[in-house]
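The structure appears below as structure tokens.
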Amino acid sequence: MPPDSTHRLPSDTDNGMLLVVSGPSGVGKTTIARTIERRLQDATFSVSATTRAQTDADVDGVDYAFLTDGQFRARLEAGDFLEHATYAGKHYGTLAEPVRGQLERGRVVILDIEVQGATQVKRAMPDALTLYILPPSDEELLRRLRNRDRDTEEAIQHRFDLAQSEIAEARESGAYDYFITNDDLERAIIEAMTIVQREREVRTRSA
Ligand code: 5GP
């Protein structure tokens, strides 16, 4: 639906694009997604709703909107989610309304979501650009998980196994347009930015 012209901002354009960034934990996907948001003038990060507990690193309303199980269920039943998934026993979901609003303003809307959610988004909106961030190697992923964690070796191994099965699921899902290897953070960011700008031009031209 075209945006109401009376409510358009001077900075509004018609070339909005949904950008999905996924990857296993420890691979740097959130850093990459947040850096794209900062470097692309008209990009905006979608704040997901979740029932997982807030940690010290999380800012409510910035990193997530933290909901109770009941609140999440109510929004699900109201049909408010563009996509939703259960991950590690907790619910996560993208609220449709703010995403649609930002797309209508011509923004690049960035979703940092896992594979099930990305698969739902790609099915509902085939024009969404979907990126999957890969670790350079098994050894490097293990090293990164060990570095950022004061977990036991057993817990680290568990997260490593989980990452391996997530990568396999991502490949099998067919939901991803590009796989980007994060061997060097700045290089991976530039690769992602180049893809985003190119794909946005293609979509604008064919719109
Ligand atoms: P964390 O709890 O570590 O912040 O996130 C766990 C996983 O949930 C990550 O893979 C993250 O990308 C994913 N995630 C965060 N928000 C959403 C969402 O709204 N929908 C889906 N499907 N996954 C999400």
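Numbering of ligands and ligand atoms starts at 1, following listing order. All figures in this text were calculated on a predicted structure; none of them were measured in a lab.
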Proximal ligand 1 atoms for [X], defined as those under 4.0 Å from one of its heavy atoms:
| X | result |
| --- | --- |
| Arg52 | 1 (P), 2 (O), 4 (O) |
| Thr94 | 19 (O) |
| Tyr87 | 6 (C), 7 (C) |
| Ala85 | 22 (N) |
| Gly117 | 22 (N) |

Donor-acceptor check, side chain of [X] to backbone of [Y], threshold 3.5 angstrom: yes or no?
| X | Y | value |
| --- | --- | --- |
| Arg34 | Phe45 | no |
| Thr181 | Asp183 | no |
| Arg159 | Leu145 | no |
| Ser22 | Ile113 | yes |

Nitrogen or oxygen atoms of Ala49 and ligand 1 under 3.5 Å apart: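 No; every N/O pair is 3.5 Å or more apart.
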
His84, any N or O under 3.5 Å of ligand 1 N or O: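 N/O-N/O distance under 3.5 Å: no.
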
Among all protein heavy atoms, pick the one closest to [atom] and tell me residue, atom and distance.
| atom | value |
| --- | --- |
| atom 19 (O) of ligand 1 | Ser48 OG, 2.6 Å |
| atom 20 (N) of ligand 1 | Glu83 OE2, 2.7 Å |
| atom 1 (P) of ligand 1 | Tyr64 OH, 3.4 Å |

If the plane angle is over 60° it's perpendicular, under 30° parallel, otherwise tilted; pick one for His84 and Phe72. perpendicular

Protein non-hydrogen atom found under 4.0 Å from atom 3 (O) of ligand 1: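 No.
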
Could a heavy atom of Ser25 be found less than 4.0 Å from some atom of ligand 1?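 False for this residue.
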
Check if Gln116 has a non-hydrogen atom at a distance under 4.0 Å from any atom of ligand 1.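 No, that is not the case, since the closest heavy atom of the residue is not under 4.0 Å from the ligand.
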
Is it the case that the side chains of Tyr178 and Glu191 hold a donor-acceptor pair, with the cut-off being a distance below 3.5 Å and no angle test?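 No, because no side-chain N or O of Glu191 sits under 3.5 Å from a partner of the opposite role on Tyr178.
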
If every non-hydrogen atom of Ile32 is compared with every non-hydrogen atom of Ala188, which pair is closest and at what distance? CD1-CB, 4.1 Å

Looking only at heavy atoms, what is the nearest atom pair of Ile110 and Ala43, with distance?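 Heavy atoms of Ile110 and Ala43 come nearest at CD1-CB, 4.1 Å.
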
Measure from atom 9 (C) of ligand 1 to every heavy atom in Glu114, Lys29, Lys90 and give the option owning the shortest one. Lys29

Measuring from atom 14 (N) of ligand 1, which candidate in Thr119, Asp112, Asp58 has the nearest non-hydrogen atom? Asp112

Cation over ring face, Arg52 and Tyr92, 6.0 Å, 45°: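 Not flagged: Arg52 not positioned over aromatic ring of Tyr92.
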
For the atom pair CG (Leu95) and CD (Glu83), what is the distance rounded to the nearest 0.5 Å?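 Going from the CG atom of Leu95 to the CD atom of Glu83 covers 9.5 Å.
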
